[in-house]
Amino acid sequence: MKTKLIFVYNADGNLFSKTIDFAHKILSPSTYACNLCSITYDNFGMKKEWAEFLRKLNMETIFFYKDEFLKKYGKQKTEFPVIFIDKENSMEVLVQN
């Protein structure tokens with residue numbers, strides 16, 4: 001089985017949350033609660049440097065909003081944002097806020 005990186009944002013994926021998050025990042029970026037969002041996206045989409053980094057990785061990358069991740073994997077003993085490494089269906093925290 002291929003190793004995967006699973007990225008989980010500290011944000012919910014519904015339209016209301018996305019809209020509030022978008023405004024928050026513009027109006028008060030220093031108080032925004034998701035450092036992973038800041039690293040990967042600007043106000044116009046995925047950062048070019050980040051997209052290039054992901055292309056160069058030799059592993060699958062999966063992105064979740066917090067609510068989507070919890071729905072799929074259930075409650076985890078972790079804080080968000082978080083990056084997991086999944087090796088043969090064994091997830092371990094790689095990087096955490």
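Any value given below was found using the heavy atoms of this structure, including those in side chains, with hydrogens, waters and symmetry copies removed.
- Leu70 places none of its side-chain heavy atoms less than 4.5 Å from the side chain of Lys72.
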| Evaluation steps, side-chain contact (heavy atoms from CB on, under 4.5 Å), between Ile62 and Leu5 | CA-CA 6 Å; Ile62 303 169; Leu5 289 179; over 6 Å; no
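- Looking only at side-chain heavy atoms (C-beta outward), Ile6 and Ile83 stay at 4.5 Å or farther from each other.
- Minimum heavy-atom separation, Lys4 to Met59: C-SD, 4.5 Å.
- Under the 6.0 Å cut-off for aromatic ring centres, Phe69 and Phe84 qualify, their centroids lying closer than that.
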Atom pairs and distances, side-chain donor-acceptor, residues 44-51, under 3.5 Å, sequence neighbours left out:
{"unit_1": "Lys47", "atom_1": "NZ", "unit_2": "Ser38", "atom_2": "O", "d": "2.7"}

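- Between atom CG of residue Asp12 and atom CZ of residue Phe80 there is a gap of 10.0 Å, rounded to the nearest 0.5 Å.
- Surrounding CD of Glu79 are at most 12 heavy atoms belonging to other residues, nucleotides or ligands under 6.0 Å away.
- In this structure, OH in Tyr9 is found 4.5 Å from CZ in Phe63, a value given to the nearest 0.5 Å.
- Using a 4.5 Å cut-off on side-chain heavy atoms (C-beta onward), Phe7 and Leu54 make contact.
- Test Thr78, Ile85, Asp86, Val82 against Met91 for side-chain contact (heavy atoms from CB on, under 4.5 Å) and you get one pass: Asp86.
- By the side chain to side chain contact (heavy atoms under 4.5 Å, CB included) test, Lys71 pairs with no residue at all, sequence neighbours left out.
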